[in-house]
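Some notes on the structure that comes next.
Heads up: numbering here begins at 1 and tracks the sequence.
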Amino acid sequence: MSGVIVTGPPKADPADVDALAGYGVATVSEAMGRTGLLGPDIRPVQQGVRVAGTAVTVLSWPGDNLMIHAAVEQCGAGDILVVTTTSPCTDGLFGELFATALQRRGVRGVVLNTGVRDTQELRGMGFPAWSRAVSAQGTVKATGGSVNVPIAIDGQVIHPGDVILADDDGVVVVPRERARETVTKAEAREAKEAATRAAFLDGELGLDRYGLRDTLKRLGVEYRTYEEYEGERS
């Protein structure tokens, strides 16, 4: 497998990245029309952490972390490293030593479509990680791959410089060209949810706020008292 290391790709505006960090993964995905989510198997190794950054992408051979070493050089402040392999792999391609090097360069976290190890150490040093698996299985450094090329994880194409947002709910990718638009839409959605939250605190029901009583009626869902329901069953 040959490959390429692309240097200096365009990145999303840091102001938009930081603005998106103020919203949850669910809110941002909804703001983009329920798109951009990586699958539910990509899970955090920590809890209570939300990060956003620009993607530095890695395409590696299964069981081989050579290209992660190459990618470290391409990483800088505000980035998030995103790693996948040419075929499924759950080996522990990433651990505490990589995190030390990346943290020194100002990298905000890592997203792995593979395994991660040294999870206790990662939590202890405050380096956020999301991965498909946790595995102590080691790797080799023997096969070429690519850095800063488009990759795909769970059907989502990630380009270098796209925004990666990750929290307890998972990971979402925001295309670089849509970052500003998504900030605006996420802000509007947050305001709408705040109004709904206030209404619920005031006692309003979702059935009424969302007009769902008519939906129930249209679907043929009927109300019955307990006595009526038991009588119809007997």
Requested in this report: Would you mind listing every side chain to side chain donor-acceptor pair (under 3.5 Å) that reaches into residues 147-159, with sequence neighbours excluded?
Outcome: R132-D154
Requested in this report: Any side chain to side chain donor-acceptor pair (under 3.5 Å) involving residues 45-57? Give me the pairs, sequence neighbours left out, ordered by first then second residue.
Outcome: T54-D79
Report task. With sequence neighbours left out, write down each residue that passes side-chain hydrogen bond (donor to acceptor under 3.5 Å, both in side chains) with T196, or none if nothing qualifies. Result -> R209
Query raised in the report: Quick one: side-chain hydrogen bond (donor to acceptor under 3.5 Å, both in side chains) partners of S87, sequence neighbours excluded?
Result: none
Closest contact, heavy atoms only, [X] versus [Y]:
| X | Y | result |
| --- | --- | --- |
| G3 | S146 | CA-OG, 3.4 Å |
| A55 | I164 | CB-CG1, 3.8 Å |
| L37 | S29 | CG-OG, 3.3 Å |
| V17 | A12 | CG2-CB, 4.0 Å |
| V72 | A101 | CG1-CB, 4.1 Å |
| L59 | T85 | CD1-C, 4.0 Å |

Would you compute the distance between atom [atom1] of [X] and atom [atom2] of [Y] and round it to the nearest 0.5 angstrom?
| X | Y | atom1 | atom2 | value |
| --- | --- | --- | --- | --- |
| Q137 | D91 | CD | CG | 5.0 Å |
| N113 | S60 | CG | OG | 11.0 Å |
| I68 | K141 | CD1 | NZ | 9.5 Å |
| L112 | T84 | CG | OG1 | 9.5 Å |

Using residues 188-195 as the side-chain source, report each donor-acceptor pair under 3.5 Å to any protein atom, sequence neighbours left out, with the distance given to one decimal.
| residue | atom | partner | partner atom | Å |
| --- | --- | --- | --- | --- |
| R189 | NE | E193 | OE2 | 3.2 |

Answer whether the closest heavy-atom distance between the side chains of [X] and [Y] falls below 4.5 Å.
| X | Y | value |
| --- | --- | --- |
| V82 | V58 | no |
| P62 | T86 | yes |
| I42 | V111 | yes |
| V149 | V4 | yes |
| S135 | R117 | no |
| L81 | L102 | yes |
| V28 | T182 | yes |
| I80 | V51 | yes |

Taking a hydrophobic cluster as the set of Ile, Leu, Val, Met, Phe, Trp and Tyr residues connected by side-chain heavy atoms closer than 4.5 Å, whether directly or through intermediates, do [X] and [Y] fall within one such cluster?
| X | Y | value |
| --- | --- | --- |
| L66 | V110 | yes |
| V183 | L165 | yes |
| V173 | V83 | no |
| I5 | W61 | no |
| M32 | V163 | yes |

Query raised in the report: Going through the distances and angles, do E73 and V147 end up as a side-chain contact (heavy atoms from CB on, under 4.5 Å)?
Result: CA-CA 10 Å; E73 183 181 26; V147 176; over 6 Å; no
What pairs of donor and acceptor atoms, side-chain ones from residues 92-99 against any protein atom, are under 3.5 angstrom apart with sequence neighbours left out?
| residue | atom | partner | partner atom | Å |
| --- | --- | --- | --- | --- |
| E96 | OE2 | T100 | OG1 | 3.3 |

Query raised in the report: Is there a donor-acceptor contact under 3.5 Å linking the side chains of N65 and T139?
Result: yes
Report task. Go through V171 and I153 one step at a time and tell me if the side-chain contact (heavy atoms from CB on, under 4.5 Å) criterion holds. Result -> CA-CA 11 Å; V171 181; I153 298 178; over 6 Å; no
For [X], all residues meeting side-chain contact (heavy atoms from CB on, under 4.5 Å), sequence neighbours excluded:
| X | answer |
| --- | --- |
| T7 | Q74 |
| Y223 | L207, R213, L216 |
| A77 | none |

Report task. Just grab all the salt bridge (charged side-chain N to carboxylate O under 4.0 Å, His left out) pairs involving residues 225-234, residues at least two apart or on different chains. Result -> R224-E232, E230-R233
Query - Heavy-atom donor-acceptor pair, R105 side chain to C75 backbone, under 3.5 Å - result: yes
Sequence neighbours excluded and cut-off under 3.5 Å, please list the side-chain donor-acceptor pairs for residues 119-131, or say none.
| residue | atom | partner | partner atom | Å |
| --- | --- | --- | --- | --- |
| R123 | NH1 | V45 | O | 2.8 |
| W130 | NE1 | D167 | O | 2.9 |
| S131 | OG | A133 | O | 2.8 |

**Report entry** Over 12 non-hydrogen atoms of neighbours within 6.0 angstrom of NZ in K217
**Finding:** no
Query raised in the report: Does CZ in F200 sit with more than 12 non-hydrogen atoms of other residues, nucleotides or ligands closer than 6.0 Å?
Result: yes
Please output the side-chain donor-acceptor pairs of residues 18-25 that fall under 3.5 Å, not counting sequence neighbours, one pair per line with the distance.
| residue | atom | partner | partner atom | Å |
| --- | --- | --- | --- | --- |
| D18 | OD1 | R108 | NH1 | 3.2 |
| D18 | OD1 | R108 | NH2 | 3.4 |

Query raised in the report: Out of R178, R176, R180, which residue meets the side-chain hydrogen bond (donor to acceptor under 3.5 Å, both in side chains) rule with D16?
Result: R180
